[in-house]
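Below: the structure, in structure tokens.
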Amino acid sequence: MSSYRPQDIEQKWQKHWADTRAFEVTEDPSKPKFYCLEMFAYPSGHAHVGHVRNYMIGDIMARCMRMRGFNVLHPFGWDAFGLPAENAAIKNNLHPEKWTLDNIAHMKGQLQRLGISYAWERELATCMPDYYRWNQWLFTRMFDKGLAYRRRSNVNWCESCQTVLANEQVVDGGCWRCSTVVTLRELDQWCLRITAYADELLAAAEGLDQWPEKVLTMQKNWIGRSEGARVRFENIEVFTTRIDTIYGAMFVMLAPEHPLVEQFAEESDDRAAFLAKAARFRAQDKSGRMTGDVEKEGFDTGRKVMNPFTGETVPVWVANFVLGEYGTGAVMGVPGHDQRDFEFARKYDLPIRVVVQPDGHPLTAETMTEAHAADGVLVESGEWNGLPWPEANQKMTAEAASRGVGEGTVQYRLKDWGISRQRYWGTPIPIIHCPSCGMVPVPDADLPVVLPTVTEFTGRGDSPLAQIPEFVNVACPKCSGAARRETDTMDTFVDSSWYFYRFCDPHNDQLPFDPAKVAYWGPVDFYSGGVEHAILHLIYSRFFSRVFRDVGLVTIDEPFTRLLTQGMVLSHGAVMSKSKGNVVDPDDMIQSFGADALRLYVMFVAPPEKEVEWSDSGLEGAFRFLNRVWRVVIHLAKAARQEPAVAGLAFDDGERAMRRKTHVTIRRVTGDINPRVHLNTAVAALMELVNELYLFCEQRGVRPLGVDDEPAAVVERPETAFVLREAIEALVLMLSPFTPHMSEELWEYLGHTDGVVAAGWPACDDDVAREESIEIPVQVNGKVRGRITVAADANETDIEAAAIEAPSVLPYLDGKTIVKVIVAKGRLVSLVVK
RNA sequence: GCGAGAGUGGCGGAACUGGCAGACGCGCCGGACUUAGGAUCCGGUGGCCGGAAGGCCGUGGGGGUUCGACUCCCCCCUUUCGCACCA
């Protein structure tokens with residue numbers, strides 16, 4: 001056996017794993033299951049070390065849990081539909097399918113060279129008909145349940161390219177390709193009724209105790225539940241959370257999109273001017289209007305409506321900051337108690353009335369410089385005067401309801417999910433439009449609706465599918481009359497919202513998956529991926545999981561028990577990207593130092609959640625460490641032949657200390673991997689063990705440890721041989737999740753033929769790990785003044801006595817009185833003197 | 001503006017329940033081996049004072065609780081992320 005040459009052994013073991021289908025699993029009720037998943041990949045072409053990091057985290061977990069005796073499902077697949085493929089097609093005249101499949105092939109090779117323990121038999125790609133067929137299947141069920149519906153709504157439109165743009169394709173308000181200003185266009189869009197689950201998604205988030213708080217907060221904000229009331233000012237319904245301020249409602253404002261705007265325009269003196277003003281507001285940069293970057297503006301419609309509480313009539317304005325898509329698209333203007341209304345009123349010289357007075361200094365409309373949004377007591381509110389805020393809100397909501405002018409309601413920021421894409425490379429929406437039957441879902445027997453082959457991609461015009469008569473023209477499944485297929489395709493987030501269930505049964509051609517298989521494997525026990533998916537992917541998946549539940553295929557609510565959001569790997573302070581030219585290619589690293597060193601390094605460099613800066617010298621350090629491991633194991637494998645059998649051995653102090661280190665390390669590494677997932681400190685612990693081992697060898701004269709092939713002298717003393725053997729075997733096994741190739745190779749070299757999984761995870765013997773004597777510091781008035789060595793099980797009295805007698809402590813006690821002694825058992829002694 | 005997180009040596013980071021701050025690695029310095037060393041092994045490495053023993057200071061800043069604070073509380077600064085006219 002010679003020096004460590006990763007390239008040779010890595011290929012050998014990767015081939016072995018592939019040949020033996022080492023990571024394929026079946027349901028086995030006799031074993032505890034562990035479903036370990038990393039977010040699947042968009043096949044952009046090349047994996048970089050940022051991907052590597054995510055996949056490694058999962059692989060460490062999967063490999064470790066496998067050794068701990070769990071039945072581990074660890075699959076991988078491809079989020080293979082999407083715009084980049086279509087754009088590449090337009091640019092390079094390459095079919096999206098070819099581009100996608102080529103990329104998958106390349107990236108799969110990269111992942112395989114990393115030695116990740118995937119059950120490749122379960123690999124899936126969402127662009128294949130045997131996958132997207134089930135998107136269609138589920139869609140038709142959602143259609144039947146009213147969870148999928150069509151609605152007219154605004155989309156981004158580029159006049160020059162004559163096409164719809166996704167939000168991500170709008171750059172600074174212009175088309176990403178030709179910079180033409182993007183306009184809004186009304187189109188019929190397919191939507192999924194996620195809002196039907198808004199309350200459940202919000203409430204159930206409380207139970208996700210193994211998700212990062214940050215992600216839960218983001219989801220909570222995204223759902224944006226808000227309790228309030230709808231109140232009718234004659235024919236204008238407004239939404240407010242502060243009905244208690246309604247006596248201060250001095251005007252009503254409509255969003256420029258509000259349907260009444262058009263009607264009021266018709267009835268106005270100058271229809272054209274009216275509409276032009278509204279149109280200008282609508283055209284204001286969408287993001288600017290939404291974020292408050294645009295100045296508040298409005299105009300008086302000339303209309304007046306009656307405030308249902310005061311009986312006063314108030315003017316109706318159109319205001320650019322009122323959002324058409326939230327609430328009722330109309331609000332009451334309460335300038336005294338809403339900052340936006342306040343600014344608006346001051347700008348247009350509208351009256352302000354204070355109706356909630358805070359404690360202490362009373363407010364007056366004339367002198368106030370900002371709205372008073374906080375609580376207080378109602379004034380100038382007729383019969384409600386004197387009521388404090390929360391109570392007034394409740395009572396006045398009830399009053400509005402009893403008088404039929406409003407009712408309490410809950411609003412969500414969350415909107416239904418628009419899934420229509422006027423694009424080619426996605427799942428065709430399985431609906432047929434029939435002139436006599438209306439919208440008819442494609443029957444199961446006719447699924448999948450296969451994406452036809454399109455040969456020309458121009459990026460212009462409507463959906464590419466609309467231009468294929470053979471695709472569009474179809475007989476109605478109900479009446480057999482001439483009908484047209486839907487030509488929109490689905491948002492790719494549909495694909496990724498349930499793939500984790502498909503992995504449980506990826507080849508099923510009767511159902512999306514066998515419910516029994518998902519009942520065994522689900523939910524995903526450990527899910528890792530980028531925090532950029534904190535909202536969309538993770539909330540859609542929670543939604544789909546419930547839809548599958550409600551169609552009877554799964555019994556659980558939540559798809560992911562534990563979520564880890566891994567930090568990005570930066571290079572020169574920036575996210576890696578081809579355009580910045582700072583991509584670190586894993587293949588280059590593997591070539592130089594091997595996959596194992598790369599794996600170890602990305603795990604060691606920082607905690608998984610944290611963002612890290614790539615460092616070449618850090619990788620070299622990991623490589624150096626592996627060489628150290630290699631040398632010590634190779635040499636000791638021959639020198640320490642003692643098989644593990646402890647009976648009759650009498651260890652000396654040094655040997656006991658070495659064993660203690662081994663077993664303490666087992667305990668630390670085990671917990672650091674799972675549950676803690678502090679993979680960096682797990683590696684650090686293994687490094688400590690190796691350092692200790694080298695010192696132990698040095699002390700025992702068990703050399704050589706050089707790189708040469710000099711044969712090692714056999715260790716004669718059986719106790720020493722045993723201790724060494726125990727240490728290196730534990731080391732090799734614990735390292736194997738991180739460096740599987742090297743560990744398998746060394747394990748084999750150590751004389752084992754069944755591989756590390758069969759060997760199982762090493763167990764910590766608590767008796768061996770227990771300290772015999774411990775050194776503890778002694779503090780005098782909070783400063784460490786000495787150390788004492790006591791038996792590990794010494795009682796407090798003995799420890800106290802030893803502390804007071806410690807030579808280095810004595811000078812600090814001279815002439816003082818000890819007022820207090822605190823003994824933190826096993827940790828320290830604290831003396832307080834005067 | 002609102003919300004959440006972070007701030008520790010030259011650098012990445014560790015410290016799990018309030019109990020020896022700086023584990024482990026990178027870098028740097030020294031020694032051994034050596035024709036050589038960018039290999040390997042051993043040692044050192046927060047700052048200041050000191051020959052040493054040892055002492056003082058030290059986890060963004062300021063205050064507090066405690067025998068004891070990186071850790072808990074209050075105020076402030078910096079920074080990252082998310083949300084952001086949602087009525």
Side-chain angles (χ1 to χ4, degrees), chain A residues 3 212-218 220-222 224-226 228 238-242 245 253 287-296 319-323 325-328 330-334 337-341 343-344 373 411-415 531-532 534-535 601 604-607 609-613 615-622 624-625 627-628 631 668 671-672 675-676 678 680-688 690-691 694-695 697-698 703-708 775-784 787 808 819-833:
Chain A
S3 59
E213 199 56 45
K214 177 190 166 104
V215 173
L216 294 175
T217 306
M218 284 165 71
K220 227 174 267 180
N221 293 340
W222 186 258
R225 185 178 201 274
S226 158
V238 303
F239 172 72
T240 179
T241 53
R242 292 293 303 272
T245 63
M253 291 174 287
S287 60
R289 236 185 100 195
M290 296 283 284
T291 56
D293 291 342
V294 170
E295 205 197 332
K296 290 177 184 43
N320 64 343
F321 66 93
V322 178
L323 305 172
E325 67 267 38
Y326 183 77
T328 60
V331 296
M332 62 185 198
V334 185
H337 306 285
D338 182 285
Q339 186 57 25
R340 297 155 297 187
D341 300 350
E343 289 167 25
F344 194 76
Q411 275 296 319
Y412 298 95
R413 212 189 71 104
L414 180 73
K415 285 178 247 163
V531 73
E532 64 273 19
I535 298 180
Y601 169 66
F604 175 64
V605 63
E609 293 88 347
K610 238 191 116 143
E611 202 166 77
V612 292
E613 174 70 23
S615 150
D616 284 333
S617 54
L619 175 59
E620 285 168 39
R624 218 162 17 231
F625 170 70
N627 275 286
R628 244 164 106 73
R631 282 192 303 272
R668 273 181 68 189
D672 275 359
R676 294 184 77 209
H678 285 204
N680 55 327
T681 54
V683 175
L686 291 167
M687 288 172 165
E688 278 187 55
V690 171
N691 291 345
Y694 267 73
L695 292 182
C697 289
E698 175 103 344
R703 303 250 287 171
L705 296 167
V707 274
D708 48 45
E775 191 189 62
I776 57 178
V778 180
Q779 291 186 346
V780 180
N781 286 348
K783 285 193 194 295
V784 178
R787 288 158 202 292
S808 57
V819 265
K820 199 170 179 186
V821 180
I822 296 117
V823 179
K825 229 178 154 219
R827 293 188 185 273
L828 106 172
V829 180
S830 184
L831 304 173
V832 186
V833 303

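Bear in mind the structure is a predicted one, so any value in this text is a computation, not a measurement. Naming convention: chains lettered A, B, ... in sequence-line order (proteins, then strands); numbering from 1 in each chain.
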Protein heavy-atom contacts under 4.0 Å, written 5' to 3' over nucleotides 48-54 of chain B as B (base), S (sugar-phosphate only) or - (none), form the string -------
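Applying the 4.0 Å criterion to OP1 and OP2 of C57(B), one finds that K783(A) has a side-chain N or O inside that range. Dashed line: the shortest gap from a side-chain N or O of K820(A) to OP1 or OP2 of C67(B) is under 4.0 Å. Residue K610(A) has a polar side-chain atom (N or O) positioned under 4.0 Å from OP1 or OP2 of G13(B). An OP1 or OP2 oxygen of A14(B) is reached within less than 4.0 angstrom by no side-chain nitrogen or oxygen of R676(A). For C41(B), one of the phosphate oxygens OP1 or OP2 lies less than 4.0 angstrom from a side-chain nitrogen or oxygen of R628(A). In this structure, T217(A) does not reach the G82(B) phosphate: none of its side-chain N or O atoms is under 4.0 Å from OP1 or OP2. Between R827(A) and U17(B) there is no side-chain N or O to OP1 or OP2 distance below 4.0 Å. Proximity of Y326(A) to the phosphate of A87(B): a side-chain N or O atom is located under 4.0 Å from OP1 or OP2. Between N691(A) and G25(B) there is a side-chain polar atom (N or O) within less than 4.0 angstrom of OP1 or OP2. Between N627(A) and the phosphate of U40(B), there is no side-chain N or O to OP1/OP2 separation shorter than 4.0 Å.
Residue contacts for T240(A): at a heavy-atom cut-off of 4.0 Å it reaches the sugar-phosphate backbone alone, with no base atom in range. D672(A) comes within 4.0 angstrom of nothing in the nucleic acid, heavy atoms only. At a threshold of 4.0 angstrom between heavy atoms, the contacts of E775(A) include nucleobase atoms, whether or not backbone atoms are also involved. Nucleic acid contact for V832(A): sugar-phosphate only, since backbone atoms but no base atoms lie under 4.0 Å from a heavy atom of the residue. Residue R624(A) is in sugar-phosphate contact alone, with no base atom involved, counting any heavy-atom pair closer than 4.0 Å across all strands shown. Counting non-hydrogen atoms under 4.0 angstrom, L831(A) reaches nothing in the nucleic acid.
Applying the salt bridge (charged side-chain N to carboxylate O under 4.0 Å, His left out) test to D341(A) and every residue at least two apart in sequence or in another chain returns nothing. Applying the side-chain contact (heavy atoms from CB on, under 4.5 Å) test to S808(A) and every residue at least two apart in sequence or in another chain returns nothing. R242(A) meets the salt bridge (charged side-chain N to carboxylate O under 4.0 Å, His left out) test with D244(A); sequence neighbours excluded. Partners of R676(A) according to the side-chain contact (heavy atoms from CB on, under 4.5 Å) rule, which considers only residues two or more places apart in sequence or in another chain, are D672(A), H678(A). Listed by chain and number, the residues in a salt bridge (charged side-chain N to carboxylate O under 4.0 Å, His left out) with K220(A) are E206(A) (sequence neighbours excluded).
Per the geometry, CD belonging to E611(A) stands 13 Å off P belonging to G12(B), to the nearest Å. Rounded to whole angstrom, the span from the CG atom of D616(A) across to the C1' atom of G38(B) amounts to 16 Å.
For the pair K296(A) and F321(A), the cation-pi criterion (under 6.0 Å, within 45° of the ring axis) is fulfilled.
Neither side chain, R413(A) nor N221(A), offers a donor N or O lying under 3.5 Å from an acceptor on the other.
Evaluated for a side-chain contact (heavy atoms from CB on, under 4.5 Å) with S830(A), the options Q779(A), K820(A), K783(A) yield exactly one hit, Q779(A).
Distances from the side chain of T241(A) to the nucleotides C67(B), A87(B), A14(B) place A87(B) closest. With distances taken from any side-chain atom of R413(A) to the nucleotides C83(B), A14(B), C42(B), the minimum falls on C83(B). The nucleotide whose nearest atom lies closest to any side-chain atom of R787(A) is, among C41(B), C67(B), C20(B), C20(B).
Taking atom C1' on both G5(B) and G54(B), the two are 42 Å apart, rounded to the nearest angstrom.
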